[in-house]
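The sequence lines fix the lettering, A, B, ..., with proteins before strands; numbering per chain opens at 1.
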Number of protein chains: 2
Amino acid sequence: MNSDSSYKNRKVISIGVVKELTGLSERQIRYYEERNLIFPERTEKGSRKYSFFDVERLVEIANQREEGVSTDEIRRDINKRDKEKLKKEDIRKDMLKGQLNARFGIQKK
Amino acid sequence: MNSDSSYKNRKVISIGVVKELTGLSERQIRYYEERNLIFPERTEKGSRKYSFFDVERLVEIANQREEGVSTDEIRRDINKRDKEKLKKEDIRKDMLKGQLNARFGIQKK
DNA sequence: CGTGTAAGGAATTCTGACACG
DNA sequence: CGTGTAAGGAATTCTGACACG
């Protein structure tokens with residue numbers, strides 16, 4: 001649900017194209033997966049498939065690595081951002097719930 | 001320019017994934033290219049790369065083919081639609097030009 | 001015309017490992 | 001820790017062609 005299933009999140013890109021798009025080596029791309037920074041899917045036969053979102057994250061990772069940031073630290077950054085995103089979503093949901101309650105909530109029998 | 005360079009139009013999908021996505025055979029996908037219904041790009045080594053736009057067009061083609069429409073007729077349909085799109089763009093440009101002229105066009109010296 | 005298939009070769013991708021630092 | 005590389009195998013993709021209808 002949400003804005004998923006959009007082009008940006010569909011896992012359709014092979015590692016060779018990701019290599020072209022990011023300038024990273026296959027070794028690096030696989031290693032960042034091993035460190036849980038990205039999560040490609042697999043074809044039936046086992047080839048990795050990435051989304052545009054993954055490609056963009058990889059570019060960010062490459063930038064951080066150039067600045068000497070370790071994969072562990074990058075991982076923490078990603079977690080932090082994800083948590084903030086979830087928090088915002090919760091707030092939004094709460095506000096929506098509140099509005100719905102105000103209008104339809106306390107209906108007399 | 002335009003809405004190009006968006007995810008939808010980037011040629012990054014291999015023929016194997018396109019096969020999965022469309023349910024067509026590689027033979028069919030290559031044949032529709034031969035008939036000029038789609039225009040994949042190539043990697044340096046010669047593998048075809050498709051966009052999400054291509055995938056959607058292929059699904060349309062598959063639907064038409066099921067209804068017995070020939071590739072020639074499909075080609076004409078595509079041309080017609082493209083021409084209409086261009087015409088609309090021309091109209092939009094003309095309108096814009098007109099507006100700009102009305103405001104800034106006939107400036108005295 | 002539209003599609004299947006077998007053929008042979010070239011390029012891709014995968015995993016586990018050794019290397020260096 | 002992060003990345004390169006050689007190794008061997010499996011899967012992918014390509015082209016040109018023959019087949020059928």
Name the closest nucleotide to the [X] side chain, picking from [options].
| X | options | value |
| --- | --- | --- |
| T71(A) | dG2(D), dT3(C), dT13(D) | dG2(D) |
| R42(A) | dC14(C), dG4(C), dC14(D) | dC14(C) |
| R48(B) | dC14(D), dG2(D), dT13(C) | dC14(D) |

Measure the distance from [atom1] on [X] to [atom2] on [N] and round it to the nearest whole Å.
| X | N | atom1 | atom2 | answer |
| --- | --- | --- | --- | --- |
| R27(B) | dG2(C) | CZ | P | 11 Å |
| E44(B) | dT12(C) | CD | C1' | 13 Å |
| K49(B) | dT12(C) | NZ | C1' | 14 Å |
| I13(B) | dT13(D) | CD1 | P | 12 Å |
| I15(A) | dT12(D) | CD1 | P | 15 Å |

For the hydrophobic clusters of this structure (ILVMFWY residues joined by side-chain heavy atoms under 4.5 Å, transitively), does one cluster hold both I29(B) and F53(B)?
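Looking at the clustering, F53(B) is in a separate group from I29(B).
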Measure across S70(B) and R65(B) and return the closest heavy-atom pair with its distance rounded to 0.1 Å.
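Answer, listing the atom of S70(B) first, then R65(B): CA-NH1, 4.0 Å.
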Do you know which two heavy atoms are closest between V12(B) and K49(B), and how far apart they sit?
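Closest heavy-atom pair between V12(B) and K49(B): N-CB, 4.2 Å.
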Taking atom OG1 of T71(A) and atom CD of Q28(A), what is their separation to the nearest 0.5 Å?
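Going from OG1 on T71(A) over to CD on Q28(A), the span is 12.0 Å.
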Can you give the dot-bracket line for DNA chain D, where a pair is Watson-Crick or G-U wobble with both atom distances under 3.5 Å, crossing pairs use [ ], and | marks a partner on another strand?
.||||.||.|.|.||.||||.
If each of S47(B) and E34(A) is mapped to the nucleotide of DNA chain D with the nearest heavy atom, which maps nearer the 5' terminus, i.e. the 5' end?
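It is E34(A), whose closest nucleotide lies nearer the 5' terminus.
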